[in-house]
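We name chains A, B, ... by the order of the sequence lines, and we start the count at 1 in each one.
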Amino acid sequence: MLRTHTCGELRIDQVDHEVTLIGWINAVRDHGGLKFVDLRDRYGRIQVQISPESIGGDALETLRFDQVLKVTGSVMERPDGMRNPKLETGDVEVIATSTEILGECPPLPFNPDSGDQVNDELRFRYRFIDMRREEIQRRFRLRSDMQFAMRQYLHGHDFLDLETPMLTKSTPEGARDFLVPSRQNPGEFYALPQSPQIFKQIFMISGFDRYMQVVRCFRDEDLRADRQPEFTQLDLEMACIDESDIMGLVEGLMEHVVKEVTGKEVTLPFPRLSYKEAMLSYGSDSPDMRSDLRIQEFSDLVEGLEFKVFSGAVDSGGAVRGMRIPGGGQWSRKEIESLEPIVKQQGAGGLAWFKMTDDGPAGPVSRFLAGAAGEELIQRLGMEPGDLACFVADGQTRVVVNSLGQLRKELAIKLGHIEPGVLNFCWVEEFPLFDEDEETGQPTPCHHPFTCPHPDDLGNLESKPLEVRARAYDLVLNGFEVGGGSIRIHQRELQERVFTAIGITAEEAESKFGFLLEALRFGAPPHGGIALGMDRLAMILAGLETIREVIAFPKTQRGTCQLTNAPDPVTTDQLSEVGLMKEPVAKKEPVAEEESGEDS
RNA sequence: GGGGACGUAGCUCAAUUGGUUAGAGUCCCGGCCUGUCGAGCCGGUUGUUGCGGGUUCGAGUCCCGUCGUCCUCGCCA
C-alpha cells in the first residue's frame with residue numbers, strides 16, 4: 001500500500017505515529033508560511049499542517065482543490081481550543097514532513113460544494129468529479145448495501161443466483177427492443193433482454209426451484225425521471241408456490257432490506273388492494289398511501305343534482321368523482337382555481353368545487369346541492385365546516401380517474417401529507433389480464449403474455465377477455481411501482497389459449513415462443529415470481545426524486561451519455577461487417593474515418 | 001410525436017416598461033498574512049447573453065426557427 005492510513009481513521013490513539021496519507025485536497029487555508037490542508041477520501045477528512053519548519057524549508061508546492069496529495073508526517077494532538085468537533089478526526093492533525101502531488105488537477109469546471117445545484121448536464125459530463133462528493137458516495141454506498149442485503153436474504157432462503165443471456169431473442173410483445181446485429185448471421189439480430197422472463201421460467205422447469213438475479217434490463221422507450229433505457233431489477237422466481245408465497249417472501253425481504261439500509265422497521269403484512277379499488281379511491285394503479293385523501297364515486301347521484309356538466313358526463317358513459325379535502329375551505333378562490341391546470345392536463349374540462357362553511361355549502365357547485373341528492377353527496381363526502389370538495393366529470397372514466405389521481409398527488413404534497421423518510425408499501429392485485437389496444441381493439445397483455453389468468457375467469461378467456469383477471473400483483477412504495485410479478489402459466493394448452501386471445505397465431509407463437517411451449521410440455525411445475533426495480537427502490541430509500549441520482553452513469557432524456565457521448569456513429573466498415581448499410585440521413589458523421597485534418 | 005420550463009462570466013445567479021459601458025457571490029490570478037477549519041485582508045482578470053434569423057433608432061429582454069437540458073402526455077408486455 002502506498003498509504004498507511006485513510007483520511008478518516010486517525011484519532012488520539014495514533015498520536016506520535018508516523019503516517020502516510022493519500023487524498024484529495026479539500027481545502028487550503030494559507031497563512032503565508034503556515035498552511036492547513038484538508039485531505040479527503042472515501043473514509044473521511046483530516047487536517048494536515050504544512051509549514052517551512054516541518055518540511056525542512058523545502059519550497060512548497062502550489063496546492064489546489066482536488067489535487068491528489070501524498071503526505072508523510074506525524075500525528076499530533078491538536079492544542080486546546082483548536083480542535084474541530086465537526087470532523088471525526090478533529091482532535092488530531094498531521095504535521096507534514098514531506099508532501100508530493102501524485103495527481104495534478106486544474107480548476108474544476110464546477111464547484112462540488114454547490115452539489116445538486118449544478119445542472120445535471122455538467123455533473124454527468126464530469127461525473128468523476130461529481131461522484132467524489134460525500135453525498136453521492138453515500139448514495140452509492142446505500143445502493144450497494146441494499147443489493148448486498150437482498151442477496152444475503154435470498155441466499156439464506158435457498159435461492160440460487162443464476163445468470164441469463166444479454167444477447168437474446170427479440171419478442172413481439174411489450175416495449176421496443178434494443179437490437180444487436182449478428183456478424184456471423186448477416187441480416188439477423190439479437191435483442192437485449194427487456195427482462196429475463198422466459199429464461200427464469202425455464203429455470204423453474206429445470207427444477208431450480210428458487211432463482212434470483214440482480215440483472216440489467218433494456219427497453220427502448222422514452223425516458224422519465226423514474227425511467228432509464230437500461231435499468232436494474234432484482235429478478236426472482238419460485239416453483240410450487242402461489243401468490244401469497246411470493247408476497248410473503250418479498251415482505252420479509254423488504255423488511256430485512258429496509259432494516260439493514262435505513263435502520264427503520266416496516267409494518268407487515270403490507271396492505272393489499274385490488275386494481276379496481278386503487279383506480280377508484282386513489283386514481284392510480286400505484287397509489288401513494290402516505291396520504292389518506294380518498295376519491296369517491298358520485299355518478300349515481302347526478303340525476304338528482306340538475307347540474308348539466310355532471311349529468312352530461314354520466315349520460316355519455318363517463319363518471320363523476322370527487323374528494324373531500326379537509327381544511328381546504330380556507331383556501332381562496334384563486335388558490336383553488338390554481339389546481340385546475342392539473343386536471344386539465346389530464347384531459348378534464350375543468351374542476352368543480354364547493355366549500356363547506358358554517359352556513360352550509362358555498363362556491364360554484366353549491367347551488368346544485370339544495371335537494372336530497374345534494375344532501376346525500378355532502379353526507380357521503382363527510383363534509384365539515386372548513387372542508388373543500390373537488391370534482392371532475394367527464395365522458396371518459398379514464399380521464400376522471402387520471403385527473404383526480406394527479407390532483408390527489410399534488411394535494412397530498414400541498415397538505416403536507418408527504419413526510420420525508422416515511423416508507424409506505426402496499427400491494428395492488430387482481431389486475432385485468434388484458435388491456436384493450438386503443439387502435440385495433442385487440443386485447444393485449446397488461447403484464448406479459450405468460451401471466452396466469454384467474455381460475456374463476458377462465459371461461460371468459462375467449463368470450464369476454466377484457467373481464468378476465470390476472471394472477472398478477474404489483475409492489476408499490478410511496479406511489480411508485482417498485483415491483484411487479486405474477487403466477488405464470490405452466491400448462492402448454494392454457495399458454496396457447498392466451499396467445500390466441502391476444503392475436504398471436506400458432507405460427508408466430510411457434511417462431512417466437514416455441515422453445516417455451518416446448519419446455520412446458522416436459523414437466524413444468526406451477527411457478528411464479530416477481531421483479532423489483534432496484535433503481536427506484538434505491539432512489540426512494542435515499543430520499544431522491546430521480547433514478548439518475550442512484551445510477552453512476554445515467555443517460556439524458558434523449559438517451560445519450562454525457563460522459564462518453566454514446567451513442568455515436570460508426571464507420572461504414574463496422575457497419576458492413578455486421579451486414580448493415582447506412583441510410584443517407586445520418587445526423588452526425590463518423591469521427592475521423594477519413595478526415596484530412598487540416599488545421600484552421 | 002404533443003405540451004411546458006429553462007439556457008447570461010469556469011460555476012450559482014441578477015439585470016425595472018425594450019434604453020447608456022451586462023452586475024454580484026464564488027472560482028481563478030497577484031500581493032499580505034504562522035492556528036485556520038466556509039480562514040481573513042487588499043487588488044485584478046474573466047462575457048459570441050446557446051446558435052441563426054427577424055422586429056426596432058435601440059434586443060439579454062419581443063417574435064420565428066434551431067440546438068441542448070429537465071418536467072410531462074403518448075409510449076413503457
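- In this structure A:Q491 satisfies the side-chain hydrogen bond (donor to acceptor under 3.5 Å, both in side chains) test with no other residue, sequence neighbours excluded.
- A:Q557 comes within 4.0 angstrom of a base, heavy atoms only.
- When rounded to the nearest whole Å, the span between CZ of A:R536 and P of B:C76 equals 14 Å.
- Within the 4.0 Å cut-off from OP1 or OP2 of B:U34, not a single side-chain nitrogen or oxygen of A:S51 is found.
- Under the side-chain hydrogen bond (donor to acceptor under 3.5 Å, both in side chains) criterion, A:T6 pairs with A:E9, sequence neighbours left out.
- Of the residues in residues 81-96 of chain A, those lying under 4.0 Å from RNA chain B by heavy-atom distance are A:M82, A:R83, A:N84, A:K86, A:E93.
- A sub-4.0 Å separation between OP1 or OP2 of B:C75 and a side-chain N or O of A:R176 is absent.
- Checking the phosphate oxygens (OP1, OP2) of B:C73, a side-chain nitrogen or oxygen of A:R224 falls inside 4.0 Å.
- Rounded to a whole Å, the CZ atom of A:F65 is 15 Å from the C1' atom of B:A39.
- In this entry the distance linking CG of A:D177 with P of B:C75 reads 18 Å, nearest Å.
- Distance, A:I129 CD1 to B:C11 P: 12 Å, rounded to whole Å.
- Checking the phosphate oxygens (OP1, OP2) of B:U69, no side-chain nitrogen or oxygen of A:R548 falls inside 4.0 Å.
- In this structure, a donor-acceptor pair under 3.5 Å is present between the side chains of A:T164 and A:Q213.
- A close approach under 4.0 Å does not occur between any side-chain nitrogen or oxygen of A:R29 and OP1 or OP2 of B:U36.
- Summarising the base pairing, B:A14 is matched to no nucleotide, lacking a Watson-Crick or G-U wobble pair whose two defining distances lie under 3.5 Å.
- Within the 4.0 Å cut-off from OP1 or OP2 of B:U34, not a single side-chain nitrogen or oxygen of A:S54 is found.
- Between the CG atom of A:N111 and the P atom of B:G10 there is a distance of 15 Å, rounded to whole Å.
- Protein atom CD1 of A:I342 is 14 Å distant from nucleotide atom C1' of B:C71, rounded to whole Å.
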Between protein and nucleotides 23-25 of chain B, what N or O pairs are separated by less than 3.5 Å?
none

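- Residues that satisfy the salt bridge (Lys or Arg N to Asp or Glu O under 4.0 Å) test with A:R83, not counting sequence neighbours, are A:E77, A:D80, A:D91.
- Heavy atoms of A:T171 sit nowhere under 4.0 angstrom from any nucleic acid atom.
- For the atom pair CE (A:M76) and CG (A:L10), the distance works out to 13.5 Å, reported to the nearest 0.5 Å.
- Phosphate contact (OP1/OP2 of B:C28, side-chain N/O of A:R64, threshold under 4.0 Å): absent.
- Using modelled atom types and a 3.5 Å distance limit, the side chains of A:Q47 and A:R29 yield a donor-acceptor pair.
- Residue contacts shown for A:S486 are absent, as no nucleic acid heavy atom lies under 4.0 Å away.
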Identify each atom pair where a protein N or O and an N or O of nucleotides 12-15 of chain B are less than 3.5 Å apart, giving names and distance.
{"residue": "B:U12", "atom": "OP1", "partner": "A:N119", "partner atom": "N", "Å": "3.1"}
{"residue": "B:U12", "atom": "OP1", "partner": "A:N119", "partner atom": "ND2", "Å": "3.4"}

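- Between A:F431 and A:Y275, the ring planes lie tilted relative to each other; the angle falls in the 30° to 60° range.
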